[in-house]
There are 4 protein chains.
Amino acid sequence: MVKSKRGRPFGDHEARRVQIAAAACRVMVRMGIAKAGLADIAREMGCTTGVLSHYFSDKEQLLLFAKNYVFDQAFERAARVAADVSGFERLRVMLGESVRIDSDMVERCRLLTIFNGRAVGDPRLMQIQARRNERFWRLIEAELTELQRTGVLAAQMDVSLEARGITAMMDGLADQIVMKPRAWKPGEAEALLTIYLDGVLARHGVRGDGMH
Amino acid sequence: MVKSKRGRPFGDHEARRVQIAAAACRVMVRMGIAKAGLADIAREMGCTTGVLSHYFSDKEQLLLFAKNYVFDQAFERAARVAADVSGFERLRVMLGESVRIDSDMVERCRLLTIFNGRAVGDPRLMQIQARRNERFWRLIEAELTELQRTGVLAAQMDVSLEARGITAMMDGLADQIVMKPRAWKPGEAEALLTIYLDGVLARHGVRGDGMH
Amino acid sequence: MVKSKRGRPFGDHEARRVQIAAAACRVMVRMGIAKAGLADIAREMGCTTGVLSHYFSDKEQLLLFAKNYVFDQAFERAARVAADVSGFERLRVMLGESVRIDSDMVERCRLLTIFNGRAVGDPRLMQIQARRNERFWRLIEAELTELQRTGVLAAQMDVSLEARGITAMMDGLADQIVMKPRAWKPGEAEALLTIYLDGVLARHGVRGDGMH
Amino acid sequence: MVKSKRGRPFGDHEARRVQIAAAACRVMVRMGIAKAGLADIAREMGCTTGVLSHYFSDKEQLLLFAKNYVFDQAFERAARVAADVSGFERLRVMLGESVRIDSDMVERCRLLTIFNGRAVGDPRLMQIQARRNERFWRLIEAELTELQRTGVLAAQMDVSLEARGITAMMDGLADQIVMKPRAWKPGEAEALLTIYLDGVLARHGVRGDGMH
DNA sequence: TATGAATGAGTCTTCATTCAT
DNA sequence: CATGAATGAAGACTCATTCAT
């Protein structure tokens, strides 16, 4: 293990914060944000609430950290999975990864739902949340722009609007899955996503490239 | 007006409940569900919390009523606006109405976001919410089925999947609008919806009808 | 009892606040400000802590109110007792009243000591406290000025300085009494005050009036 | 310098305790006793709370030590300054030193105010505090008695009462200065003290000595 | 029907203290 | 000697709920 100058474990502090964040997420998904007290999170961790205040000044700070942690992970996952793919396929892979339903994915979506609900009525949280949303949307925009540059998609396509459409579709699928994951047979969510992306390609794809 | 034995108009009781629900919604959207106490709702009404107890046994009952009230209104609006339209256009009108951005619409969507967030971790609420969701989805399914019956859409179309896709798109647009309503120019949301519906028609529309 | 328009007792609210303030004072003098919790105050009142939050938004507000209440009472007492006295005697009576040692007086002084200690390090409190102090000092200044006007004291006397001296003597006596009330035989505190006031008269008294 | 067995200088331990006490005093004057936590004191020292535990078993012990340290210093200062003065002048010098307003003096007085406030409601602390007070009073008594012996002051003077009067004046001036140090022009506090002492001399001074 | 006083449980937060390294 | 992680108790505060008027 990496040690700090004085022989104390280094990075443990941050690692512990992540542990706590993860515990907080589990508890929130299980009990709901309203019922999830610090005591519950501590119990989930097998420690007392004092530990939590040791690592986070505030409950709000804890939740904020947890949220960012979850979001960052999601981004990393998308980036990782699309790393060695290119062309339109890259978009498909990237987004498809995010709608593959399993228990982790459902938990992730439920956290998103929780945080969105919490942000309403709190301008500061709302802005933070909006930024996260924009980050995702910009990511897609960048992909679309790249596809324009490489001649896969037409130059006259409204990149911004299409990106928002894709983002909406992704979020909407997540909403549906959160509600009733069991109503979705394996592959259905991916199918809808594919349909949507095919629509984008149909409208803006340049002949001779992806279609033919 | 119908009167009760003592001369008090019938329906007053229910009307008051609606008033309270509306006040609760305004407060929740403004302060967030976590911060919205009964006292705040009472203050919004210009009365004390005692009044709330008269009309609702519980805070949970109040919120449940408020939620149902909001949802029912949304359904009514959709039904009303699509009343004298038929064919594929009916679907367009019905759904378009729901994504026309104004302050009411944003408030409505934010309430939905609040209630969704609240439902996570509370199986009973989640089920209630899922039912509302299913109700909307069934509505669209019914419309699609009718369009199949009237030969507008192909019989082999997977009605259930398409309905879920449309629902997802609608919810996703709402999510985006909630986050940053000002990022949407008038008509953009409708445009994305139209694009999506056009996609449905393109895939499943029967020649000779809407397509030419 | 005075009633409000709707038949509810009027003024009860403020009366209750005073009750609570008095209880808080008793508890603080008995246990010290650090140990005096809201629960202790509530117990002293024979009610629960909820009542306290009903009448005071904050512990700080409660303590502030209590302090003001105590101070105002002290002022009223001084004014009352000096109401029908005039000349230099008026000053003597006014101040003598404040250093007559009994259990109430000791409690009052101890509260002052508590509040002074609490004010250190809290600029806001300090200012409030300073204002109270200044109020007392201005009162004495006014008396001295009046005695100048009526020819009892010389015009060239430094009113401000003398007033501060008297205030200091009063506060200092209170300090001593707080520490060890039993060390003071009846009349000793008054004697020291008299000596001090005599000194003032000796230095600034105009022949023919009080001295002769 | 004297060394312990292991080569560590004796007195280091005590010196560190004094350092800590001084830090504690600074923090208390700055933040108030209620807000001054061990962590704040440690931070002021540039170390962690663990260090404090090494030198003091208890927070209370730390504060007690700090208080005694402050008081002892005040006594030392008075003794030092009056070392080579005699007669009535000795009293003047001794006390005058204590009311010369500068930032150190204000801090000292504020600490006294803090400790006095803290003592109320805590019989043990109160007794300790009373003892400190008595020590000061006895000191003045001793001076007065000496002045009687040397024929400066009349034998029939009530030494105890006069000593308490002087003590009261000193404490009262301190109280005033604590509240609003800026309200005092240089020399005003000394002037009031001088006036008071002159009064003592006027009442009890033996002709032919200090008066001439 | 409405008021608002009172309750009391629940939660967050702070903090002195302990202890392994 | 010093660190900082962990404890756990204590206190303030919030708030839904009840109830007498």
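Just so it is clear: chains get the letters A, B, ... in the order the sequence lines come, proteins before strands, and each one is counted from 1.
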Applying the Watson-Crick and G-U criteria (both distances under 3.5 angstrom) with [ ] for crossing and | for other-strand pairs, one obtains for DNA chain E .||||||||||||||||||||

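- One finds no side-chain N or O of D/Arg16 lying less than 4.0 angstrom from the OP1 or OP2 phosphate oxygen of F/dC1.
- Side-chain contact, C/Gln19 with C/Arg16: a donor N or O sits under 3.5 Å from an acceptor N or O.
- As rounded to whole Å, 18 Å separates atom P of E/dC15 from atom CD of D/Glu60.
- Nearest to the side chain of B/Val51, among E/dT3, F/dA6, E/dT14, sits E/dT3.
- Mapping A/Thr48 and D/Thr49 onto DNA chain F by nearest heavy atom places D/Thr49 at the nucleotide closer to the 5' end.
- To the nearest angstrom, P of F/dT18 lies 15 Å from NZ of B/Lys59.
- One interatomic measurement links the two molecules: NE2 of B/His54 to P of E/dT1, which rounds to 7 Å at whole-angstrom precision.
- Ionic pairing of D/Arg124 and D/Glu60 is present here: one or more N-O contacts between side-chain nitrogen and carboxylate oxygen are shorter than 4.0 angstrom.
- Rounded to whole Å, the distance from CD1 on C/Ile33 to P on F/dG11 is 14 Å.
- Between the CG atom of C/Leu38 and the P atom of F/dC13 there is a distance of 6 Å, given to the nearest Å.
- When rounded to the nearest whole Å, the span between CZ of D/Arg43 and C1' of F/dA2 equals 17 Å.
- Both B/Cys47 and D/Asp40 sit near DNA chain E, but only B/Cys47 has its closest nucleotide nearer the 5' end.
- By the 4.0 Å N-to-carboxylate-O rule, A/Glu44 lies close enough to A/Arg30 to be salt-bridged with it.
- At a threshold of 4.0 Å, the pair C/Glu14-C/Arg17 counts as salt-bridged, since one of the basic side-chain nitrogens sits closer than that to a carboxylate oxygen.
- The interatomic distance linking A/Lys35 (NZ) with F/dA16 (C1') rounds to 13 Å, in whole Å.
- In this structure, C/Arg110 contributes its side chain and C/Val178 its backbone to a donor-acceptor pair below 3.5 Å.
- Annotation: the span from C/Asn68 atom CG to C/Phe115 atom CZ amounts to 8.5 Å, rounded to 0.5 Å.
- Side chain of C/Tyr55, nearest nucleotide from F/dA16, E/dA6, E/dT13: E/dA6.
- In this structure, B/Ala36 and B/Gly50 both approach DNA chain F, and ranking their closest nucleotides by distance from the 5' end singles out B/Ala36.
- Comparing B/Gly46 and A/Gly37 along DNA chain E, the residue whose closest nucleotide (by nearest heavy atom) sits nearer the 5' end is B/Gly46.
- At least one donor-acceptor pair under 3.5 Å links the side chain of D/Asp40 to the backbone N or O of D/Gly37.
- In this entry the distance linking CG of D/Leu52 with C1' of E/dA16 reads 11 Å, nearest Å.
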